[in-house]
Participant: 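Pasting a structure here, questions to come.
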Amino acid sequence: GYRVVLSPRSAQCALTWISTGQLDRARSIARRTVAALLPAAHSGVKIVGLEPSSTAVLRSDITHLVGSNDARTVSSAVVTLAELLLATPNWQAPNLTGTTIVAQPHCHQHAVMGWERDAQLLASAGATVTRVSGCCGLAGNWGMEQGHYETSVAVAETNLLPAVRSMPAGALVLADGFSCRTQLDDLAKQPAMHLAQLLDPAKTH
C-alpha cells in the first residue's frame with residue numbers, strides 16, 4: 001500500500017569516506033545528503049534504509065558530521081524495513097512457518113539500530129531463526145585491503161561460516177548487508193537473501 005520513491009543519487013551515505021578517515025569529504029557529502037532528504041523528512045515521509053551500514057550512517061553518524069537541526073530531522077525519519085513494516089497498521093507478515101533461516105545481522109545494524117525488530121518480524125511470520133553472533137569479517141573496504149584478507153577469513157570462520165556449513169538442507173541465509181553477502185559468496189559460495197526478498201513470496205516459494 002505504500003508508494004515508493006527512490007532517493008536522489010545525490011543522497012549518498014558517505015561511509016566510504018568515513019571508514020577511510022576522509023572526514024572533511026564525508027562531511028561535505030553528508031550535508032548534500034541532508035539537503036536532498038530534508039523535504040521528505042519535513043513532510044513526515046519515512047526514509048527506509050535497505051543497506052544496514054548506510055542506514056546506520058543516516059541514523060547516527062550524519063548528526064555528528066553535520067551537527068545541525070536539519071541533520072537531526074533527517075536522522076529521526078530514517079527507519080529500517082522491519083521497523084517500517086511493524087509500525088504499519090494492519091500489515092501482516094507472510095506465513096514463513098516451516099522456513100528455517102540462518103540470519104547474519106550486520107555489525108552496523110547491531111550497534112546502531114539493533115536487530116530486535118527484525119527478530120520480532122521473523123518470529124511473527126513463524127520462521128525458525130538461528131541468529132549468527134559476531135562479524136562476517138569483511139567490514140566494508142577493510143577486508144578488501146592488502147594485508148587484511150587472512151584476518152577477514154579468520155573472523156568469518158569464528159561464527160558465520162560454521163553456522164552456514166552446519167545448517168539443515170533447505171535452510172535460507174538472511175543477510176541484509178552487502179559486505180556480509182559478498183563474504184558468504186566469496187568464502188562459502190552461499191547465496192543470501194535480503195529481508196525484502198525473504199518477505200516476497202515469489203522469492204521464497
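Bear in mind that the values here come from a model prediction, so they are computed numbers and not experimental data. The chain is numbered in sequence order, starting from 1.
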Participant: Can you find a pair of side-chain heavy atoms, one from Leu121 and one from Leu199, that are under 4.5 Å apart?
Facilitator: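 Yes, their side chains come closer than 4.5 Å.
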
Participant: For the atom pair CG (Asp61) and SG (Cys13), what is the distance rounded to the nearest 0.5 Å?
Facilitator: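 Going from the CG atom of Asp61 to the SG atom of Cys13 covers 9.0 Å.
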
Participant: Can you tell me if Thr63 uses its side chain to pair, donor with acceptor, with the backbone of Ser60 under 3.5 Å?
Facilitator: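 At least one qualifying donor-acceptor pair exists.
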
Participant: Just so I know, are the side chains of Arg32 and Ile29 near enough to count as touching, which here means a heavy-atom distance under 4.5 Å?
Facilitator: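 The answer is yes, as the side chains (C-beta and beyond) meet within the 4.5 Å cut-off.
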
Participant: Ala103 and Val129: which non-hydrogen atoms are nearest, and at how many Å?
Facilitator: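 What the structure gives for the nearest pair is CB-CG1, 4.0 Å.
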
Participant: Looking only at non-hydrogen atoms, find the nearest pair between Pro39 and Ala36 and report the distance.
Facilitator: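 Closest heavy-atom pair between Pro39 and Ala36: CD-O, 3.7 Å.
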
Participant: Does Ile62 share a hydrophobic cluster with Trp17, counting links as ILVMFWY side-chain heavy atoms below 4.5 Å and allowing steps through other members?
Facilitator: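 Different clusters: Ile62 never reaches Trp17 through Ile, Leu, Val, Met, Phe, Trp or Tyr contacts under 4.5 Å.
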
Participant: Considering non-hydrogen atoms only, spot the tightest contact between His108 and Ser53 and give its length.
Facilitator: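 Where His108 meets Ser53 most closely, the heavy atoms are ND1-CB, 3.2 Å.
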
Participant: Under 3.5 Å, is there a donor-acceptor pair linking the side chains of Thr97 and Asn95?
Facilitator: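 Indeed, the side chains of Thr97 and Asn95 share at least one donor-acceptor pair under 3.5 Å.
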
Participant: Nearest 0.5 Å, what's the CG-OG distance between Asn159 and Ser133?
Facilitator: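 The distance works out to 4.0 Å.
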
Participant: Could you tell me if the side chain of Gln183 sits less than 4.5 Å from the side chain of Ser152, heavy atoms only?
Facilitator: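 Yes. Closest side-chain heavy atoms under 4.5 Å.
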
Participant: Can you check whether Thr55 reaches His106 side chain to side chain, under 4.5 Å on heavy atoms?
Facilitator: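 Not in contact.
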
Participant: Do Leu122 and Thr99 have side-chain heavy atoms sitting under 4.5 Å apart?
Facilitator: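 Leu122 does not reach Thr99 side chain to side chain.
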
Participant: Counting only N and O atoms by type, is there a donor-acceptor contact under 3.5 Å from the side chain of Arg59 to the main-chain atoms of Val78?
Facilitator: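 Yes, the answer is positive, given that a donor and an acceptor are paired below the 3.5 Å cut-off.
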
Participant: Roughly how far, to the nearest 0.5 Å, is the OG1 atom of Thr20 from the CH2 atom of Trp142?
Facilitator: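 With rounding to 0.5 Å, CH2 (Trp142) is 15.5 Å from OG1 (Thr20).
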
Participant: Mind checking the CD-CG spacing from Gln92 to Leu85? Nearest 0.5 Å is all I need.
Facilitator: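 Those atoms lie 12.5 Å apart.
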
Participant: Output side-chain donor-acceptor pairs under 3.5 Å for residues 161-180, partner residues at least two apart or in another chain, one line each.
Facilitator:
| residue | atom | partner | partner atom | Å |
| --- | --- | --- | --- | --- |
| Arg165 | NH1 | Glu157 | OE1 | 3.1 |
| Arg165 | NH2 | Glu157 | OE1 | 3.3 |
| Arg165 | NH2 | Glu157 | OE2 | 2.7 |
| Ser166 | OG | Pro162 | O | 2.9 |
| Ser166 | OG | Ala163 | O | 3.4 |
| Asp176 | OD1 | Leu195 | N | 2.8 |
| Ser179 | OG | Gly140 | N | 3.3 |

Participant: For the side chain of Asp118 and the backbone of Ala82, is there at least one donor-acceptor N/O pair under 3.5 Å apart?
Facilitator: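 Not a single qualifying donor-acceptor pair exists.
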
Participant: Following the transitive rule for hydrophobic clusters with a side-chain heavy-atom cut-off under 4.5 Å over Ile, Leu, Val, Met, Phe, Trp and Tyr, establish whether Leu65 and Val112 coincide in one cluster.
Facilitator: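 In one cluster: no.
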
Participant: Could you grab the distance from atom CD of Gln104 to atom SG of Cys135, nearest 0.5 Å is fine?
Facilitator: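 Those atoms lie 7.0 Å apart.
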
Participant: Could you tell me which non-hydrogen atom of Met113 sits nearest to which non-hydrogen atom of Pro52, and how far apart they are?
Facilitator: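 Smallest interatomic distance, heavy atoms only, reads CE-O, 3.7 Å.
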
Participant: Just so I know, are the side chains of Trp115 and His110 near enough to count as touching, which here means a heavy-atom distance under 4.5 Å?
Facilitator: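 Result no, sub-4.5 Å side-chain heavy-atom pair not found.
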
Participant: Mind checking whether Ser7 and Leu37 have side chains closer than 4.5 Å, heavy atoms only?
Facilitator: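 Result yes, sub-4.5 Å side-chain heavy-atom pair found.
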
Participant: Shared ILVMFWY cluster between Leu96 and Leu81, side chains joined below 4.5 angstrom?
Facilitator: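 They do share one cluster, since a chain of ILVMFWY contacts under 4.5 Å joins Leu96 to Leu81.
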
Participant: Taking Ala71's backbone N and O only, do any of them form a donor-acceptor pair with Ser75's side chain (distance below 3.5 Å, no angle check)?
Facilitator: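 Checked: no pair found.
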
Participant: Can you name the nearest heavy-atom pair linking Pro94 to Ala125, along with the distance?
Facilitator: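 Pro94 and Ala125 have their closest heavy atoms at O-CB, 3.3 Å.
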
Participant: Can you get from Leu198 to Val48 by hopping between Ile, Leu, Val, Met, Phe, Trp and Tyr side chains that sit under 4.5 Å apart?
Facilitator: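 Yes, same cluster.
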
Participant: Can Arg117 and Val79 be said to form a side chain to side chain contact (heavy atoms under 4.5 Å, CB included), step by step?
Facilitator: CA-CA 11 Å; Arg117 300 295 275 171; Val79 296; over 6 Å; no

Participant: Examine distances only and state if a side-chain atom of Thr158 and a backbone atom of Ala154 form a donor-acceptor pair shorter than 3.5 Å.
Facilitator: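 A pair under 3.5 Å: yes.
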
Participant: Taking Leu58 as the starting point, is it possible to reach Leu84 by hopping between hydrophobic residues whose side chains are less than 4.5 Å apart?
Facilitator: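 No, separate clusters.
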
Participant: Once rounded to the nearest 0.5 Å, what's the spacing between atom CZ of Arg25 and atom OG1 of Thr16?
Facilitator: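 One finds 11.0 Å between CZ of Arg25 and OG1 of Thr16.
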
Participant: How about Val45 and Val5: do any of their side-chain heavy atoms sit closer than 4.5 Å?
Facilitator: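 Heavy-atom side-chain distance check fails, nothing below 4.5 Å.
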
